[in-house]
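What follows is one structure encoded as structure tokens, with my remarks underneath.
Chain A is the first sequence line, chain B the second, and so forth, proteins listed ahead of strands; every chain is numbered from 1. All values below come from the heavy atoms of this structure, side chains included, with hydrogens, waters and symmetry mates left out.
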Number of protein chains: 2
Amino acid sequence: MTTNETADAAEPASDAPKRPRSGRATIYDIAELAGVNPSTVSRALSRPGRVSAKTEEKIRRAAAELNFRINPMARALPTGRTMTLAVVVADITNPVVFRTIRGAERAAASSNYTLVIAESQESGSAEASAIERLLPSVDGIVLATTRLAPEVIADIAGRVPLVAINSRPPGVSSVVTDAADAVSQLIGHLVALGHTSIGYVAGPPTSWSSAQRWEALLAESERHGLAVVEIPSGSPTIEGGHAAYRRVIASRVTAVVGFNDLIAIGIMQEAAAAGVRVPDELSVAGFDDIFGSELIVPALTTVRADLDRAGAQAVESLLAQIQDGRPREDAEPMPTELIVRGSTGPASARPL
Amino acid sequence: MTTNETADAAEPASDAPKRPRSGRATIYDIAELAGVNPSTVSRALSRPGRVSAKTEEKIRRAAAELNFRINPMARALPTGRTMTLAVVVADITNPVVFRTIRGAERAAASSNYTLVIAESQESGSAEASAIERLLPSVDGIVLATTRLAPEVIADIAGRVPLVAINSRPPGVSSVVTDAADAVSQLIGHLVALGHTSIGYVAGPPTSWSSAQRWEALLAESERHGLAVVEIPSGSPTIEGGHAAYRRVIASRVTAVVGFNDLIAIGIMQEAAAAGVRVPDELSVAGFDDIFGSELIVPALTTVRADLDRAGAQAVESLLAQIQDGRPREDAEPMPTELIVRGSTGPASARPL
DNA sequence: CTGAAAGCGCTTACAG
DNA sequence: CTGAAAGCGCTTACAG
């Protein structure tokens with residue numbers, strides 16, 4: 001009532017046929033202007049070629065004149081296609097995830113899809129409920145988070161097209177980076193420098209990639225006859241690195257690899273605070289090559305993956321899945337590249 | 001056809017009443033189960049209290065049993081409320097903007113709104129068209145970008161609730177940081193160190209905040225009797241800082257302030273490459289206190305603003321505007337805080 | 001308080 | 001090729 005009155009008051013004082021409340025032109029307006037049936041307008045606009053050339057032309061002209069924009073909500077109702085995708089992440093602030101988001105956003109936009117982003121900061125249950133909330137309004141989901149159990153993810157994937165980034169839930173499409181190769185490059189570098197005992201500061205216990213990297217490290221340790229040790233971090237952040245530092249030192253390793261650059265940076269900061277020189281007394285390396293890795297002194301040795309591309313690839317795979325109605329064959333793990341910088345150096349016994 | 005057959009094939013082989021294609025329960029299912037009219041279900045679910053307690057209870061029970069989730073698209077059609085907000089940014093990668101996005105996302109989520117993000121990397125026209133595309137599917141827009149002319153923004157604001165971040169288009173709601181105070185703090189610090197000639201490396205020519213900061217700097221220069229010079233950067237990035245470096249040196253200033261930390265970092269990198277010591281020969285400062293400012297050596301003196309809060313505040317203001325139907329009174333400019341670190345020091349003539 | 005009806009802006013078989 | 005009709009899943013005056 002109130003709403004209507006307000007809307008009416010805002011209308012121009014002409015007695016034009018009733019205008020939609022939004023003030024936007026609809027296919028009915030076009031139909032009237034072009035002298036055709038609304039259904040013809042719909043056809044002309046949504047699948048060109050199904051209508052005679054001259055009618056189509058007339059309709060296009062009318063649409064342009066009325067500055068017509070299709071209403072995606074209205075279209076979504078009969079078709080069930082919302083033309084929007086969701087990406088759910090644990091923490092937008094993490095440099096790794098926003099690169100992924102950017103890649104995803106671009107791929108989505110270039111296919112005329114809209115991207116909504118959901119951050120699930122809190123618990124895994126918050127995450128699940130965010131997904132639940134989004135479900136009816138999206139055509140698919142990119143899951144770039146570590147909080148959900150594989151079975152839960154598989155379950156969601158049963159209800160909506162989904163692709164996971166950096167995890168491989170059973171039966172679910174995913175895009176991952178090549179952990180074995182990444183770790184192999186990094187360890188090769190460290191071994192060449194003479195390191196024989198290496199620490200790995202892990203990411204969250206639920207993180208698939210962290211587990212992968214540790215597994216790869218175990219494999220490398222056998223190959224090279226290394227002593228390796230896994231150290232928990234609490235969280236994949238600078239603070240996580242701080243928290244792990246004492247255990248790193250206590251382990252007497254000569255080199256430490258962080259699950260990600262954030263952790264590695266945290267470790268370097270603690271080392272600096274404790275007067276332990278990097279890399280002379282302790283070599284440090286990470287993964288991701290985030291902004292800041294190059295800035296810190298010494299600059300951080302790390303393994304880079306093309307995260308933008310991972311995000312884009314996830315969206316492309318998702319779109320294909322939406323098209324075909326069934327999950328797409330997973331692509332190869334994405335290649336990685338070792339970036340050697342100043343934080344790693346020759347092994348040398350640290351004075352006790 | 002194909003679609004329907006597929007859907008049918010997927011259905012359980014019972015002869016249950018026709019299920020909606022989505023497989024989700026609708027209010028009709030609830031109505032049937034609860035033995036009431038669909039309109040009653042709608043009322044019970046959307047505005048509790050308009051229905052007798054016991055019917056409501058029955059309906060809730062049925063809804064829960066069917067695991068009902070309202071379809072936001074379907075609701076949007078009659079109401080015109082999509083429950084989604086858009087935030088449009090120039091570059092997601094910019095640390096400043098993703099902090100803002102995070103704040104916006106949280107505020108939106110806590111009001112049960114969904115946030116879609118649009119990146120407009122390219123030209124201002126790409127930006128305008130992205131907005132155009134989003135317009136029908138959102139209830140409001142947060143504009144955190146620098147590419148659009150104030151009149152264009154004002155025009156868009158006439159068609160959809162909008163609030164701008166870090167610009168003040170005429171007649172448009174906005175949230176901005178307190179440039180005058182920020183610059184005053186920073187210049188006070190530099191003056192105390194003995195600097196009398198200061199360079200300002202600007203952001204994009206279309207950037208309202210960059211202009212604000214420069215204006216404030218001019219005002220400060222009068223107050224303190226300083227020589228100040230504005231230097232263009234091309235872009236608000238590290239590369240922009242690189243590009244501006246020669247002009248900075250050529251200007252013979254003893255201190256330089258970047259429009260943002262990215263530019264300041266770029267300048268520091270060039271200085272390091274050229275063997276110019278910071279801060280001994282050149283003091284450098286920035287704005288934003290991004291991740292990385294603390295990592296670089298020497299750590300960057302900068303002015304911090306609470307960007308998360310800015311994003312959240314923009315969303316709140318937008319929501320109020322959507323409620324009331326008219327723009328909300330702008331809040332005070334947000335306070336800022338000077339963070340003094342190692343990149344600024346006493347003025348000293350640089351050897352030619 | 002609740003039911004029956006109309007409508008939001010599209011799409012898509014079904015006829016012709 | 002195009003029109004007329006029904007329907008997508010909701011909401012909301014209008015009656016009772």
Side-chain angles (χ1 to χ4, degrees), chain A residues 1-5 7-8 17-32 34-59 63 66 68-83 135-137, chain B residues 1-5 7-8 17-32 34-59 63 66 68-83 135-137:
Chain A
M1 198 47 153
T2 314
T3 304
N4 270 338
E5 285 174 358
D8 288 345
K18 59 176 180 328
R19 268 337 203 56
R21 106 185 50 188
S22 58
R24 308 191 74 84
T26 70
I27 59 170
Y28 296 95
D29 300 317
I30 299 179
E32 200 179 322
V36 299
N37 188 281
S39 57
T40 304
V41 175
S42 173
R43 286 189 200 99
L45 263 27
S46 43
R47 47 259 305 288
R50 312 250 302 147
V51 143
S52 84
K54 51 180 307 191
T55 348
E56 183 173 338
E57 177 52 23
K58 245 188 335 190
I59 290 174
L66 295 176
F68 174 76
R69 309 259 146 209
I70 199 166
N71 181 327
M73 307 283 161
R75 167 178 269 179
L77 210 41
T79 62
R81 308 278 300 264
T82 64
M83 299 300 282
L135 227 64
S137 20
Chain B
M1 199 49 155
T2 314
T3 304
N4 270 338
E5 283 175 1
D8 287 345
K18 60 175 181 325
R19 270 334 203 60
R21 108 188 46 188
S22 59
R24 308 192 73 83
T26 70
I27 59 170
Y28 295 95
D29 300 317
I30 299 178
E32 200 178 324
V36 298
N37 187 281
S39 57
T40 304
V41 175
S42 173
R43 286 188 200 100
L45 262 26
S46 43
R47 47 257 310 285
R50 311 251 302 147
V51 143
S52 84
K54 53 181 307 192
T55 342
E56 184 174 335
E57 177 52 25
K58 245 189 334 195
I59 291 173
L66 295 175
F68 173 77
R69 308 259 147 210
I70 198 166
N71 180 327
M73 307 284 164
R75 167 178 268 179
L77 210 42
T79 62
R81 307 279 300 264
T82 64
M83 299 302 281
L135 228 65
S137 21

side-chain hydrogen bond (donor to acceptor under 3.5 Å, both in side chains) with R81(A): which residues, sequence neighbours excluded?
Y113(A)
Partners passing side-chain hydrogen bond (donor to acceptor under 3.5 Å, both in side chains) against T40(B) (at least two apart in sequence or in another chain):
none
Would you sketch DNA chain D in dot-bracket for me? Only Watson-Crick or G-U wobble pairs with both distances under 3.5 Å count, crossing pairs as [ ], other-strand pairs as |, the rest as dots.
|||.||||||||.|||
Can you tell me how far P of dT12(C) sits from CD1 of I70(A), to the nearest Å?
10 Å
Quick check for you: to the nearest 0.5 Å, what is the distance between F68(B) atom CZ and L66(B) atom CG?
9.5 Å
I59(A) CD1 to dG3(D) C1': how many Å, rounded?
12 Å
The side chain to side chain contact (heavy atoms under 4.5 Å, CB included) partners of R69(A) (sequence neighbours excluded) come to R24(A), N67(A), E132(B), P136(B)
Can you pull out the residues from residues 37-47 of chain B that lie within a 4.0 Å heavy-atom distance of DNA chain C?
N37(B), S39(B), T40(B), R43(B)
From dT11(C), dG7(C), dC10(C), pick the nucleotide closest to the side chain of N71(A)?
dC10(C)
To the nearest angstrom, how far is K58(B) atom NZ from dT2(C) atom C1'?
11 Å
Rounded to the nearest 0.5 angstrom, the CG-CG distance for L135(B) and N71(A) is 11.0 Å
Base of dC8(D) paired with side chain of Y28(B) (donor-acceptor, under 3.5 Å):
no
Whole angstroms only, please: what is the CD1-P distance between I27(A) and dT2(D)?
15 Å
Which nucleotide sits closest to the side chain of R75(A): dG9(D), dT11(D), dC10(C)?
dC10(C)
When the distance from CD of E56(B) to P of dC1(C) is rounded to whole Å, what number comes out?
11 Å
Contact summary for A74(A) and P78(A), nearest pair of heavy atoms
O-CD, 2.9 Å
Distance check needed: dT2(D) C1' versus I30(A) CD1, whole Å only.
16 Å
Working to the nearest 0.5 Å, report the span between CZ of R75(A) and CG of L77(A).
13.0 Å
Let me know the distance between CZ of R81(A) and P of dC10(C), rounded to the nearest Å.
18 Å
Going by the rule side chain to side chain contact (heavy atoms under 4.5 Å, CB included), which residues pair with S137(B) if we only count those two or more places apart in sequence or in a different chain?
P72(A), M73(A)
Is any side-chain nitrogen or oxygen of S52(A) closer than 4.0 Å to OP1 or OP2 of dT2(D)?
yes
Name the closest nucleotide to the L77(B) side chain, picking from dG9(D), dT2(C), dC10(C).
dG9(D)
Using a 3.5 Å cut-off and no angle test, enumerate the donor-acceptor pairs between side-chain atoms of residues 42-54 of chain A and protein atoms at least two apart in sequence or in another chain.
unit_1: S46(A); atom_1: OG; unit_2: S42(A); atom_2: O; d: 2.5
unit_1: S52(A); atom_1: OG; unit_2: T55(A); atom_2: N; d: 3.2
unit_1: S52(A); atom_1: OG; unit_2: T55(A); atom_2: OG1; d: 2.2

Of the candidates dG3(C), dG9(D), dC10(D), the side chain of V36(B) sits closest to dG3(C)
What is the distance from NZ of K54(A) to C1' of dT2(D), rounded to the nearest Å?
14 Å
